[in-house]
2 protein chains.
Amino acid sequence: MTVTGTETTGAGADSCAGPPQGDRRPDGEDRYTISEVVALTGLTAHTLRWYERIGLMPHIDRSHTGQRRYSNRDLDWLALVGKLRLTGMPVADMVRYAELVRSGDHTYTERFELLERTREDVLSRIAELQGTLAVLDRKISFYADAGRALASERTR
Amino acid sequence: MTVTGTETTGAGADSCAGPPQGDRRPDGEDRYTISEVVALTGLTAHTLRWYERIGLMPHIDRSHTGQRRYSNRDLDWLALVGKLRLTGMPVADMVRYAELVRSGDHTYTERFELLERTREDVLSRIAELQGTLAVLDRKISFYADAGRALASERTR
DNA sequence: TAGAACGCTGGAGTGCACTCCAGGCAAGCG
DNA sequence: CGCTTGCCTGGAGTGCACTCCAGCGTTCTA
């Protein structure tokens, strides 16, 4: 089974969250400290450690003194998590997804379904927002008209 | 200053949140109990009372025994609040807007600006969601391909 | 080799947006 | 007349997603 370049099988099958952003180092030298990841992702160190505690991250590699060393793959995962967070997906659901990824290839179907559901959610959120936008535009043009009317009243 | 039919001046200038939804009664007989409003809006009675406490609602009319009686105008306002809530606008900002509405016509400019900012927020949320959608679609098609590959592997 | 800077942990605290509770009126019904 | 139903209040509680703290070890720089 050969599908794409980086996305083959196993735990690595879930790292394609978009173009590589920020100042990444090439694979092999990718052992970022927590503060580097903070700079790269915008998350706080607290949040990164918390994500790990709740099982939203795979187990992060450690230095010989026990400090976290994040890899490019970890950054990819964080980028995906960031995207999913934007959709409003609850953290618990992301943890569920993370568990599926950890469990191996036989969870592909379930992951697929979870992502499909999320996709539907996103579509309806977009529709909602566009409905709201229509309301806002209506009110905004009302206030714009009112402002013009007030102005012409003053110059009259 | 004459702008539109219902949207003229004063406290009533902020009730245009879309088509009239649900089983409204005509103006004049619009004295809904809290449970009717619950049915009409999907909010809980707790939330409705809480909205009032924090100043997100105008003062609601009461029956002779002190029970709330909501008007069509109140429902309009709730519909707008619902829309704004969908945008992710914090409740505190909605309270601010409600205060502006209560303060009278001289706050038109400020209301306009607030709505404009909200509009921009909504636009960027939509853009964010569309970015996320792209990522989801990429991953979904990956899993779809993987599923097909696994299937053909089994039948091979 | 001192001191600042960075990182670690478990657990407690925060802010938001509700959500619920206890105790008590008031109206309608058999 | 009692009972159920609906609504009232102030205040306490909940769930989520962080966010911070105390107390300690390690690493880097002067």
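Naming convention: chains lettered A, B, ... in sequence-line order (proteins, then strands); numbering from 1 in each chain.
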Any B:T47 side-chain N or O less than 4.0 Å from OP1/OP2 of C:dA17: no
Gap between atoms CG and P, on B:D93 and C:dC16 respectively (whole Å): 11 Å
B:Y32 and B:N72 side chains, donor-acceptor separation under 3.5 Å: yes
Between D:dG25 (C1') and A:H64 (NE2): distance, integer Å: 12 Å
Side-chain-base donor-acceptor pair under 3.5 Å for A:R49 and C:dG10: no
Check against salt bridge (charged side-chain N to carboxylate O under 4.0 Å, His left out), B:E52 and B:R68: CA-CA 11 Å; B:E52 205 176 325; B:R68 287 171 182 80; 2.6 Å; yes
A:E110 and A:R96 ion-paired at < 4.0 Å: yes
Separation of atom NE2 in B:H46 from atom P in C:dC20, rounded to whole Å: 5 Å
Base of C:dG7 paired with side chain of A:R62 (donor-acceptor, under 3.5 Å): no
Sugar-phosphate, base or nothing in reach of B:R53, heavy atoms under 4.0 Å: base
Interatomic distance where CG belongs to A:L48 and P belongs to D:dT19 [whole Å]: 11 Å
Integer-rounded Å distance: C:dC6 P and A:E36 CD: 12 Å
Length of the CD-P vector between B:E52 and D:dC7, whole Å: 14 Å
Protein-nucleotide distance (A:Q67, atom CD; C:dC6, atom C1'), rounded to Å: 7 Å
Among C:dC8, D:dT19, C:dA27, the nucleotide that comes nearest once only the side chain of A:R68 is considered: C:dC8
Whole-Å gap separating P (C:dT19) and CH2 (B:W50): 9 Å
B:R24/B:D30 ion pair, N-O < 4.0 Å: no
Under 3.5 Å side-chain donor-acceptor pair for A:D121 and A:T118: no
Nucleotide nearest B:Y51 (side chain, heavy atoms from C-beta), chosen from C:dG7, D:dT27, C:dC18: C:dC18
B:T65 side-chain N/O to C:dA27 phosphate OP1/OP2 under 4.0 Å: no
Sugar-phosphate, base or nothing in reach of B:R69, heavy atoms under 4.0 Å: nothing
A:T33 side chain near C:dC6 phosphate (N/O to OP1/OP2, under 4.0 Å): no
